[in-house]
Every structure is written in C-alpha cells, then in structure tokens.
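Predicted, not measured: the structure shown is a model, and the values here were computed from it. All heavy atoms count here, side chains included; hydrogens, waters and symmetry mates do not. Residue numbers start at 1 and run along the sequence shown.
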Amino acid sequence: MTLSRSMRDFSLEVFFSEWEFKAKYHMTASDMESLSVADLLAMASPEDREAYQSLWLGYTQTWGAPELRDEIANTYERMTAENILCLAGAGEGLYMVAKTLLGKDDHAIVPTPNYQSAETVPLSICKVTGLPLQQGTMKGGWALDLDALRDAIRPNTKLLSLNFPHNPTGLIIPRADLEAIIAICREHDIWILSDEVYRGVELDPEDRLPQVCDLYEKGISLNVMSKAYGLPGLRIGWIACQDKAQLEKVERYKHYLSICNSAPSEQLALIALKARDQILTRNRQLVARNVTDLEQLFADYPGLIEWTRPLGGCVAFPRFTGPEGGEAFCRILLDESGVLLLPSSIYASDLGETPADHFRIGFGRDQVVKDGIIAMRGFFETHYADFRA
C-alpha cells in the first residue's frame, strides 16, 4: 500500500507526553540506564575534565566540534571526521535526510512496524511503500523478506530506510542479508538510511552488523548518544556518509533547525565516546540480565505471552495471547500496577496493517526494570493465576 500525506501527530511521543513521567514503572523505555554528570566525568581524563569545566558557552560549529567528529569517526572502519555531521539527536537526522534526499516525484521503502518518523516524514514528501517484517520461528522471531523488497522497488525508488537492531522487535538481520540488500540498492541506485542507534548492545556480539556507510557509497549511517550509550539528555547524534556532497546538503538544512549543538553536550559526548568500551560492556551485561529475568517471568505463565528473545537493542515486541487482548492488557496493567508498556496500536502504520496484540517492553534500565518485573509478577498472579506453570 502506498500513500502520500501531511505529517500526522507522532503517536509514541503523544503517548509519552502523558505517561512517561507519570507511570510508576517505565517498562517500555527505549534507552539504556543513564549516567550522572559526575559518573561520566569520573571516566574522563584530567585534560577532558578540565576542558568541560572551563568550557566557553558560546556557539559551536554546525558540523560539530572537530575532536568530537574525530572520535565519532573512530567508531567506523572507513570514515574520517570529514564524513561526520553532528546533530541535535537522531530525530533531526531522520527528518533532514528525508527532506534533502526526497522530492515529490520520488519513492521510498520503509519496513513496518517502525519508529514512526521513518515513515511519516517521507510520506509528507512522496509516495512510500511499507515492507512488513515477517514473523516466524527464525532466529529472533522476525525477518525481512528480500523478495518483497525487490518487488517493492519502482523506477523512481530513491531511498530505503533500515533500522537494525530494530525498534521495536529487536531484529538483527544476517550479514549476508545486509550485503544482499546493498547489492540490490546498488543495482537500482537507491540510497540507504540505516538507523544504527542500538548497535553495540547485541545479546550476542557475533550478531553485530557492520555499519552501512562503511559498506556502501550511498549509505548513510545514523547514530546517537541516546540509546546504546544511555545518554539521551545530551541530545547528540550524527550521520556518517561517504558522499560529502550529500552531507553538505544536510548541513545546510540544519541551519534552519538546530543550527549547532550544545557545547557542554558535545564535550560530555566526547568523554563518553572515549569511554565507550566501558559503557557498552556495562550496558550489554545489564541487557543480558534483564532479558533473562523477563524470560523467567513469561515462562512462569506459559500461554500468556508469546515471546522470542530479541537479538539486539533494549526493546522487544512480544504478543499478549491472554483473553482480553493486548490493548486492554496494557491499559489494565498501567491502571492497577503502574507498569507502562507501549501497546501495538502506537505502531499503527499508514503503509498497511501491523501486528495486533503486541506490546513494546524495554529492558535497558536497572532498578526500574527489576521493580517493574516484580510488579508485573504480582499482576499476573492476581489476574492470570490459571496460566501459572
């Protein structure tokens, strides 16, 4: 199904505006456990700590601080600082790339379900085709159908949007599939915008994919300090691309949006990236522990939750198979136990049907996940004792 229309309200953000800071147990957070400024500064070298404390609070460079761009480039195989453009978060990148790449006569392809702006922004510009992820017994429980991708391509297809590890399913496609996708896009001269914000917190590091900008001359890799690094308060993201002319188009568009980033945030992001091995190791351990605890909860009530272990990221998209349906389950759980989940209606798409009765659950945070699992267990015991193993 293909449509083109003005941008609708961002359903997830509207929902979070009401509940994110009101619910007792935020069990659908899409980021890792964050750090305090003091904790982050403790990881800094004396020179970087002094640079932060003596920082001049003027305007910064639109492209980003040179030392920050150098450090970001070090997270890639083939990129240099000239291939990096810093952003005010990842959402700015999703918006600007679509606005600079697409025109009204173009066509884009977006897998579904998805993070809404990946489809809503292109839809405000041109025709878009949804590419539904397939459910089954494959590793991770989800898959992207390469034949369906080939069938979706039109002569005017300009952009394919990808996101692995995927929000909300936790899918990571096999490397062979990624290489096949790049070959398909190269054959048809299609850009790939690859949202890689969860890269680094895979359940099995062997599943980690290379970054698209390192593999493909028309690949744009998007990343941010918010998700895998757990530092959303910094609002520092970036895109990486081999094509410097395309980067310059995005940079010129940025002049109408954020213009430049926060100086303190850039310095703190630099410190975090230099300590990335320490931060990501901690976060992978946290994800592994929380997933194990969630699996035990669901195993104790067989037949209630259809669960497949995600492959990466810190969210999953299980299906509620109990009697009242997934939407009612999420509402009653929130009302009675203060546990916040995202019902699958939040992932409704203008591009076609998306899976019903699912919910997004997050497992990247620390104490709130421990406490939330306890609260969910109490709710299950009260409402679903018949399912108890």
Review point. Hey, mind stepping through S226 and R235 against side chain to side chain contact (heavy atoms under 4.5 Å, CB included) and telling me if it holds?
Key: CA-CA 7 Å; S226 304; R235 312 309 306 135; 3.3 Å; yes

Neighbour count above 12 (heavy atom, 6.0 Å) for [X] [atom1]:
X: E206; atom1: CD; value: no
X: K24; atom1: NZ; value: no
X: E353; atom1: CD; value: no
X: K99; atom1: NZ; value: yes
X: D39; atom1: CG; value: yes
X: D9; atom1: CG; value: no
X: R78; atom1: CZ; value: no
X: E82; atom1: CD; value: no

Review point. Is the shortest distance from a Lys or Arg side-chain nitrogen in R309 or E295 to a carboxylate oxygen in the other one below 4.0 Å?
Key: yes

Point to revise | Short N-O contact, R289 and D366, less than 4.0 angstrom | key: yes

Short side-chain donor-acceptor distance under 3.5 Å, [Y] and [X]:
X: T321; Y: E306; result: no
X: T129; Y: H107; result: yes
X: Q134; Y: D145; result: no
X: Q211; Y: S194; result: no

State, to 0.1 Å, how close [X] and [Y] come at their nearest heavy-atom pair, and which atoms those are.
X: G313; Y: L203; value: O-CD2, 4.5 Å
X: N163; Y: N167; value: OD1-N, 2.8 Å
X: D357; Y: S344; value: N-OG, 3.2 Å
X: G364; Y: L286; value: O-CD2, 3.1 Å
X: C86; Y: I72; value: SG-CD1, 3.9 Å
X: K104; Y: C126; value: O-CB, 4.0 Å

Exercise for review: Assess R388 against Y301: is NZ or CZ under 6.0 Å from the centre of the six-membered ring, and within 45 degrees of the ring's axis?
Suggested key: yes

Side-chain heavy atoms of [X] within contact of [Y], under 4.5 Å:
X: K244; Y: C241; answer: no
X: T75; Y: R276; answer: yes
X: D177; Y: R175; answer: no
X: Y76; Y: T80; answer: no
X: L334; Y: V339; answer: no
X: R199; Y: K227; answer: no
X: E202; Y: I172; answer: yes
X: D277; Y: R282; answer: no

Review point. Can you list the steps and then say if L162 with D195 is a side chain to side chain contact (heavy atoms under 4.5 Å, CB included)?
Key: CA-CA 6 Å; L162 297 179; D195 178 341; over 6 Å; no

Review point. Should T112 and L133 be marked as a side chain to side chain contact (heavy atoms under 4.5 Å, CB included) after you check the CA-CA gap, both sets of side-chain angles, and the distance that decides it?
Key: CA-CA 6 Å; T112 59; L133 297 180; over 6 Å; no

Could you state the interatomic distance from [atom1] ([X]) to [atom2] ([Y]), rounded to the nearest 0.5 Å?
X: I192; Y: S221; atom1: CD1; atom2: OG; result: 9.5 Å
X: D243; Y: I220; atom1: CG; atom2: CD1; result: 8.0 Å
X: I181; Y: L144; atom1: CD1; atom2: CG; result: 5.0 Å
X: L342; Y: F16; atom1: CG; atom2: CZ; result: 4.5 Å
X: R360; Y: I346; atom1: CZ; atom2: CD1; result: 9.5 Å
X: I259; Y: K254; atom1: CD1; atom2: NZ; result: 9.5 Å

Exercise for review: Hey, can you tell me if Y384 and F329 have their rings parallel, tilted or perpendicular (30° and 60° cut-offs)?
Suggested key: tilted

**Study point:** Geometric class of the W307/F363 ring pair [parallel <30°, tilted 30-60°, perpendicular >60°]
**Key:** perpendicular

Exercise for review: Using the ring pair (Phe, Tyr, Trp, His ring centres under 6.0 Å) rule, take H255 and W63 through it: C-alpha gap first, then chi angles, then the decisive distance, then the call.
Suggested key: CA-CA 10 Å; H255 296 166; W63 284 88; 9.1 Å; no

Check your understanding: Going through the checks in order, is the side chain to side chain contact (heavy atoms under 4.5 Å, CB included) test met by K127 and L102?
Key -> CA-CA 10 Å; K127 297 292 179 64; L102 297 172; over 6 Å; no

Point to revise | From V287, I279, L280, L231, residue fulfilling side-chain contact (heavy atoms from CB on, under 4.5 Å) relative to M32 | key: V287

Review point. Which other residues belong to the hydrophobic cluster containing L55, where Ile, Leu, Val, Met, Phe, Trp and Tyr are joined when side-chain heavy atoms lie under 4.5 Å apart, directly or via other members?
Key: L57

Practice item. List the steps, then state whether ring pair (Phe, Tyr, Trp, His ring centres under 6.0 Å) holds for Y115 with Y347. Key: CA-CA 8 Å; Y115 185 67; Y347 284 92; 8.4 Å; no

